[in-house]
J.: 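Can you keep this structure in mind? I'll have questions shortly.
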Amino acid sequence: MKEIPKAYSPADVEEKWYHYWESRKLFHASVNFQKKPYTIVIPPPNVTGSLTMGHVLNNTIQDILIRWKRMQGFEACWIPGTDHAGIATQNAVEKALAREGKNRHELGREKFIERVWRWKEEYGGTIIKQLRKLGASCDWDRERFTMDEGLSDAVKEVFVRMYDKGLIYRGKYIVNWCPFHRTALSDDEVDHAETKGHLYHIRYKIEGLNEYAVVATTRPETMLGDTAIAVNPKDQRYQKLVGRTAILPLVGRRLPIIADDYVDSTFGTGMVKVTPAHDPNDFLMGQRHNLEKVNIFTEDAKMNESVPKQYEGLDRFDCRKRIVQDLEREGFLVKTEPHAHSVGTCYRCHTVIEPYLSDQWFVRMKPLAKSALRVVQNGKIKFHPERWVKVYDHWMNNIRDWCISRQIWWGHRIPVYYTPDGTYTAARSEEEARQKLGVDAKTPLRQDEDVLDTWFSSWLWPFSTLGWPEDTEDLRYFNPTDSLVTGPDIIFFWVARMIMANLEFMKGMPNAQGKPRQTDDELIPFRDVYFTSIIRDAQGRKMSKSLGNSPDPLDVIRDYGADALRFTIAYLSPLGQDVLFSAEKCELGRNFANKIWNAGRFLLMNKQELMVQGSRFESGNANLHPQISNLHLDLADRWILSRLHHAIRDFNTALNEFHINESTKVLYDFVWHDFCDWYVEMVKTRLYGDEPADVKTIVLQRAIGIFDQALRMLHPHMPFVTEELWQHLEERNGQSIMRAEFPIADEKWIDPKTEEEMAFVQSVINAVRNIRGENNIPPSKEIVVQVRPANDQRKGVIGAYARYLQKLARVSTIEIVAAGFKPKLSSSAVVDGIEIFVPLEGMIDVAAERQRLNKEIVRLQQLVESIERKLANPQFVERAPKEVVEKEKEKKESFKVSLEKLRRNLEQLA
RNA sequence: GGACGCUUAGCUCAGCUGGUUCAGAGCGCCUGCCUUACAAGCAGGAGGUCAGUGGUUCGAACCCACUAGCGUCCACCA
């Protein structure tokens with residue numbers, strides 16, 4: 001066996017094991033009706049993207065779940081892939097073009113799309129490669145892309161079916177328009193930011209009267225598109241004006257004054273300018289009153305030809321300034337006051353959104369929402385944390401139609417075909433379109449120029465990745481999937497819509513038994529949704545490229561190791577709270593990995609040593625359940641087994657409830673504090689003691705067996721270091737820990753009596769260590785301890801485990817002393833009624849010792865007093881459960897006994 | 001305007017079903033240590049009015065109400 005380095009070096013092992021796993025197809029899942037499936041579909045990252053800390057958190061959690069379930073014997077399938085990310089990707093390529101001094105229009109649509117594909121092939125794999133560095137055990141054979149052939153077919157199929165059902169329609173509506181991207185956006189793609197602006201009060205002359213109508217607006221430039229003035233019909237002040245005509249300043253257009261309930265008479269002057277082409281509410285008013293819609297903007301939000309010449313071609317904000325100046329000069333501006341209001345911006349480029357009238361495609365959402373609401377309310381789909389249900393309900397109940405057309409080139413082109421006379425239909429192909437439209441092959445057909453919203457392909461992800469619309473075995477077996485791990489920021493974009501789509505399009509598809517799917521249980525896309533935290537920097541700011549406050553995960557992996565990063569991020573991630581992250585925090589995970597490493601090193605070094613001395617370790621033993629090695633079990637063994645099974649149980653409970661951070665704490669506490677701090681130290685007393693070699697071998701073999709169980713438990717969180725050590729522990733003949741059986745909690749090993757006994761031994765050791773520490777006695781100096789037990793049982797325990805006390809508290813001899821014993825000048829403590837004396841003549845600081853004892857006396861006194869107060873309260877004694885009252889009484893008695901002893905020892909201190 | 005979350009040690013946070021010596025962990029700090037796995041470590045220690053107020057209860061960090069501060073989402077905003 002070769003030398004094992006003192007410090008764990010992740011870089012030396014990570015690549016090796018990842019390659020081993022991947023090349024042996026250990027991540028691959030296939031249909032196997034003997035096993036239960038456990039499926040996760042990855043939230044497909046943007047193909048343009050690179051790994052962020054958000055991805056690290058997200059994918060670490062998915063990998064923990066998938067590795068855990070895989071080891072538990074599920075057919076665990078994690079489907080990876082990327083999203084074509086229409087606007088983002090087009091942006092990236094356009095930027096690259098701009099650097100060459102070109103733009104997409106020069107290139108033309110076809111060439112441009114070719115260019116995007118090339119770009120995707122070249123740069124698109126980045127994030128997928130980076131996920132491998134993290135250790136993600138995705139089934140790479142199943143990797144999908146939202147624009148690949150199968151998924152494109154699914155998109156077409158869905159569009160055509162929905163169109164035929166009347167769930168998709170086309171119409172001229174006000175949409176959110178991004179003037180930078182020159183495309184429509186869905187409502188959800190608009191960010192709202194509170195902005196300080198102005199409220200401009202403008203007066204409009206009323207025809208035939210010597211009066212003015214004064215309206216207030218935050219966007220004075222839109223007056224150029226005004227086609228009416230509106231007041232509330234109940235507003236007494238203005239009733240006489242309704243039906244009259246106002247004159248639009250600077251333009252001279254005649255505007256009818258109308259009455260409409262929409263107008264809030266308490267806001268501003270109670271009069272509103274109506275701009276049907278540039279405000280959603282005004283648009284609706286325009287429809288009610290049959291108003292003219294005057295569009296005043298070009299696609300990039302410059303003033304178009306329908307405004308007076310002096311404004312034509314101006315940018316909207318420049319125009320605003322000009323308008324205000326002109327109004328002021330001509331006496332139309334009554335006043336300007338500061339006004340805070342929220343302004344919509346494009347979620348990708350933060351350009352101010354312009355409400356813009358245009359032809360778009362929409363999905364009717366209300367018919368889809370009903371059942372999607374039901375499956376969450378009836379718990380078929382569970383959200384973690386649960387509070388997101390409320391947010392989901394609210395959105396579903398107030399759902400609005402989804403604008404799915406985008407005026408860009410990169411994406412799924414809308415499968416709608418138009419004849420020269422303007423009739424149209426949706427179809428899977430041109431041939432089908434001809435058929436549906438009843439035209440012959442000579443009639444030229446034109447396909448819609450627009451593409452679909454990116455989310456129109458990702459909402460199909462849980463079934464399109466499995467072969468839908470074909471009836472595949474994969475689809476039957478792996479859908480519904482099990483857990484979805486994603487950020488709450490895309491609950492509407494993605495989660496809600498996937499629920500709607502699976503319910504709608506999996507209806508009637510065969511289930512695992514080959515029967516048509518009917519029930520909610522069969523139609524949901526996933527059973528659990530875990531909403532991850534938002535990662536922030538150490539100051540609590542959102543991580544962003546522009547702030548430059550996001551560490552590059554690859555740097556973190558290089559500096560600390562993938563396991564360290566995984567463990568730390570999971571440790572820091574409470575359910576539903578934000579995470580404040582900085583790279584240095586990974587020291588926690590690195591130190592833990594190193595601790596595990598060294599625990600393994602300890603076991604291996606001793607194994608080597610015993611083998612040199614001729615001991616034989618039976619291969620495979622360490623793998624088996626530890627009960628096979630029942631020989632020579634002592635307190636330490638029974639205790640660590642009890643702790644181990646506690647840990648297994650708690651770990652599984654934590655992960656079942658998606659308490660990821662809790663699961664890391666179970667691992668950390670068990671491995672570091674139980675296994676390393678106590679058990680290994682106790683094992684040393686036997687390995688280095690005078691036990692016969694065969695006993696030592698058994699003791700060590702059991703320790704290795706328990707460590708083996710710990711490694712398996714650790715593996716989902718820390719795949720690399722656990723595989724490396726697991727392979728070192730013994731010859732595995734090509735087996736990987738990845739596919740080893742996950743530990744099973746066995747209640748019969750959980751032994752409260754043993755734990756209680758051990759707790760006593762630990763507190764005696766702690767008491768001696770405390771005396772040592774407080775008196776600054778170096779470990780090299782061995783001390784004598786005198787113990788006065790309160791009863792025979794304790795006396796027996798101390799006698800039996802004296803060697804542990806000696807080793808762990810560095811004590812040379814332990815004397816059991818009798819009741820009448822008068823100690824020499826000693827430092828003392830009372831544990832559980834047992835008195836402990838450490839004779840320290842010449843080394844003791846009497847004043848400090850007094851203080852120490854006094855502190856303990858005060859503490860116990862306070863406890864006794866608080867219990868006495870409780871017991872003096874007749875209502876407590878009457879109403880509290882008997883056991884609680886009894887316990888309090890017992891506690892009081894035992895504290896009093898200890899107090900007495902402490903006081904006596906304090907007096908005896910010369 | 002509506003909804004939600006958070007406030008516990010110097011810092012970052014656990015604390016799940018109200019009752020265990022319930023006030024915890026990691027980091028940082030102080031003291032002593034290179035003790036035959038680990039100084040990325042070991043042992044010991046200091047440090048808290050559980051945001052505030054009121055209520056429910058025999059009993060509250062935990063349940064309820066209100067207040068303050070921080071944060072998030074949704075809607076509307078002429």
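Labels below follow one simple rule: chain letters A, B, ... track the order of the sequence lines, proteins then strands, and each chain is numbered from 1.
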J.: Would you please determine if the base of B:rU36 is stacked by A:Tyr688, with stacking meaning a centroid separation under 5.5 angstrom and planes under 30 degrees?
T.: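 Yes; by the centre-distance and plane-angle rule, A:Tyr688 counts as stacking on B:rU36.
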J.: Expressed in angstrom and rounded to an integer, what is the separation of A:Arg810 atom CZ from B:rC34 atom C1'?
T.: 12 Å
J.: Under 3.5 Å, is there a donor-acceptor pair linking the side chains of A:Thr275 and A:Arg219?
T.: no
J.: Could you tell me whether the side chain of A:Lys595 has a donor or acceptor atom within less than 3.5 Å of a complementary atom in the base of B:rC38?
T.: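 When only heavy-atom distances are counted, A:Lys595 does reach the base of B:rC38 through a donor-acceptor pair under 3.5 Å.
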J.: Taking only the side-chain nitrogens and oxygens of A:Asn770, find out if one of them lies under 4.0 Å from OP1 or OP2 of B:rG45.
T.: yes
J.: Taking B:rA14 as the reference, what is the distance to B:rG55 when you measure between their P atoms (whole Å, please)?
T.: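 Result for the P pair: 30 Å, nearest Å.
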J.: Is there a Watson-Crick or G-U wobble partner for B:rC50 with both distances under 3.5 Å, and which nucleotide is it?
T.: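 Matched B:rC50 with nothing under the 3.5 Å cut-off.
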J.: Can you tell me how the ring of A:Trp388 sits relative to the ring of A:Phe531, calling it parallel under 30°, perpendicular over 60° and tilted otherwise?
T.: tilted
J.: Please report, rounded to the nearest Å, how far the P atom of B:rA43 is from the CG atom of A:Asn766.
T.: 9 Å
J.: Under 6.0 Å between the ring centres of A:Tyr212 and A:Tyr204?
T.: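 Here the rings of A:Tyr204 and A:Tyr212 have centres that are no less than 6.0 Å from each other.
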J.: Which nucleotide wins on minimum distance to the side chain of A:Arg601, given the candidates B:rC38, B:rG44, B:rU21?
T.: B:rC38
J.: Rounded to whole angstrom, note down the C1' distance from B:rA25 over to B:rC4.
T.: 28 Å
J.: What does B:rC73 pair with, Watson-Crick or G-U, if both distances are under 3.5 Å?
T.: B:rG2
J.: Considering only the C1' atoms, how many Å lie between B:rG41 and B:rA23, rounded to the nearest integer?
T.: 29 Å
J.: Measure distances between side-chain N and O atoms of A:Glu584 and base N and O atoms of B:rC27, and say whether any donor-acceptor pair falls under 3.5 Å.
T.: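 A donor-acceptor contact between them is absent.
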J.: Is there a donor and acceptor pair, one atom on the side chain of A:Lys6 and one on the base of B:rA40, closer than 3.5 Å?
T.: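 There is none.
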J.: Over how many whole Å does the gap from A:Glu856 atom CD to B:rG45 atom P extend?
T.: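 One finds 11 Å between P of B:rG45 and CD of A:Glu856, rounded.
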J.: So what does A:Val884 hit on the nucleic acid, given a heavy-atom distance under 4.0 Å: a base, only sugar-phosphate, or nothing?
T.: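 Base, at least one base atom sits under 4.0 Å.
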J.: What is the distance, rounded to the nearest whole Å, between atom CG of A:Asp279 and atom C1' of B:rC76?
T.: 11 Å
J.: Among B:rG5, B:rA46, B:rC13, find the nucleotide with the atom closest to the side chain of A:Arg387.
T.: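 The nucleotide sitting nearest to the side chain is B:rG5.
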J.: Please classify the nucleic acid contact of A:Pro488 as base, sugar-phosphate, or nothing, using heavy-atom distances under 4.0 Å.
T.: nothing
J.: Quick one: do A:Val864 and A:Leu899 satisfy side chain to side chain contact (heavy atoms under 4.5 Å, CB included)? Show the steps, please.
T.: CA-CA 9 Å; A:Val864 169; A:Leu899 263 177; 4.0 Å; yes
J.: The side chain of A:Arg769 lies closest to which of these nucleotides: B:rA40, B:rU21, B:rG44?
T.: B:rG44
J.: Could you tell me the separation between the OH atom of A:Tyr262 and the CG atom of A:Leu284, rounded to the nearest 0.5 Å?
T.: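 Reported value, rounded in 0.5 Å steps: 9.5 Å.
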J.: In whole Å, what separates the C1' atom of B:rU72 from that of B:rA46?
T.: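 The answer is 38 Å between these two C1' atoms.
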J.: Between B:rA43 and B:rU35, how far apart are the P atoms? Round to whole Å, please.
T.: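 Each nucleotide's P atom is 14 Å from the other's.
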J.: Name the nucleic acid region contacted by A:Val274, choosing base, sugar-phosphate or nothing; use a 4.0 angstrom heavy-atom cut-off, strictly under.
T.: nothing
J.: So what does A:Arg590 hit on the nucleic acid, given a heavy-atom distance under 4.0 Å: a base, only sugar-phosphate, or nothing?
T.: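 Result for A:Arg590 = base.
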J.: Counting the atoms with a prime plus P, OP1 and OP2 as sugar-phosphate, which does A:Asp669 contact under 4.0 Å by heavy atoms, base, sugar-phosphate, or nothing?
T.: nothing
J.: In terms of relative ring orientation, are A:Phe602 and A:Tyr688 parallel, tilted or perpendicular, with 30° and 60° separating the classes?
T.: perpendicular
J.: Categorize A:Phe592 for me: base, sugar-phosphate, or nothing, with a 4.0 angstrom heavy-atom threshold over every strand shown.
T.: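 Counting heavy atoms under 4.0 Å across all strands, no contact is made by A:Phe592.
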J.: In terms of ring plane angle, is the pair A:Phe675 and A:Phe670 parallel, tilted or perpendicular, where the classes change at 30° and 60°?
T.: tilted
J.: Under 3.5 Å, is there any donor-acceptor pair linking the side chain of A:Glu774 to the base of B:rA43?
T.: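 Donor-acceptor pair under 3.5 Å: no.
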J.: What does A:Lys684 touch in the nucleic acid at a heavy-atom separation under 4.0 angstrom: a base, only the sugar-phosphate, or nothing?
T.: base
J.: Under a 3.5 Å limit for both distances, which nucleotide forms a Watson-Crick or G-U wobble pair with B:rU56, could you say?
T.: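 B:rU56 is paired with nothing.
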J.: Tell me the interatomic distance from A:Asn398, atom CG, to B:rC73, atom C1', rounded to whole angstroms.
T.: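 Whole-Å distance recorded here is 14 Å.
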J.: Report which part of the nucleic acid A:Leu603 touches: base, sugar-phosphate, or nothing (heavy-atom distance under 4.0 Å, all strands).
T.: nothing
J.: Find the distance A:Glu386:CD to B:rG5:P and express it as a whole number of Å.
T.: 11 Å
J.: Look at all strands and tell whether A:Arg852 reaches a base, only sugar-phosphate, or nothing, counting heavy atoms closer than 4.0 Å.
T.: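 If one applies the 4.0 Å heavy-atom cut-off, A:Arg852 turns out to touch nothing in the nucleic acid.
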J.: Which nucleotide, if any, forms a Watson-Crick or G-U wobble pair with B:rA9, using both distances under 3.5 Å?
T.: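 None - no nucleotide pairs with B:rA9, as no candidate has both distances under 3.5 Å.
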J.: For the P atoms, the ones on B:rA3 and on B:rU49, what distance do you get once it is rounded to whole angstrom?
T.: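 It works out to 34 Å between them.
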J.: From C-beta outward on A:Glu681, which listed nucleotide comes closest to its side chain: B:rA37, B:rG19, B:rG32?
T.: B:rA37
J.: Taking atom P in both B:rG5 and B:rA65, what distance in whole Å separates the two?
T.: 11 Å
J.: Give none if B:rC16 has no partner; otherwise give the nucleotide forming a Watson-Crick or G-U wobble pair with it, both distances under 3.5 Å.
T.: none
J.: May I ask which nucleotide in the shown strands pairs with B:rC22, Watson-Crick or G-U wobble, both distances under 3.5 Å?
T.: none
J.: I need the CD-C1' distance between A:Gln608 and B:rU36, as an integer number of Å.
T.: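 Spelled out: CD on A:Gln608 to C1' on B:rU36 is 14 Å.
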J.: Please assess A:Phe651 against A:His717 for the test ring pair (Phe, Tyr, Trp, His ring centres under 6.0 Å), listing each intermediate value before the final yes or no.
T.: CA-CA 12 Å; A:Phe651 180 89; A:His717 287 75; 5.6 Å; yes
J.: For the pair made of CH2 in A:Trp672 and C1' in B:rG41, what is the distance, rounded to whole Å?
T.: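 Rounded to whole Å, this separation is 8 Å.
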J.: Given the P atoms of B:rC16 and B:rC62, what is the spacing between them in whole Å?
T.: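 Result for the P pair: 11 Å, nearest Å.
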J.: What heavy-atom pair brings A:Leu700 and A:Leu610 nearest, and what distance separates the two atoms?
T.: CD2-CD1, 3.8 Å
J.: Please name the nucleotide paired to B:rG32 by Watson-Crick or G-U wobble geometry with both distances under 3.5 Å, or report none.
T.: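 Checking every strand shown, B:rG32 finds its partner in B:rC42, with both distances under 3.5 Å.
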J.: For A:Tyr262, report the nucleic acid contact type (base, sugar-phosphate, nothing); a contact means any heavy atom under 4.0 Å.
T.: sugar-phosphate
J.: Which is true for A:Arg400 with a 4.0 Å heavy-atom rule: it touches a base, it touches only sugar-phosphate, or it touches nothing?
T.: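 Sugar-phosphate, no base atom in range.
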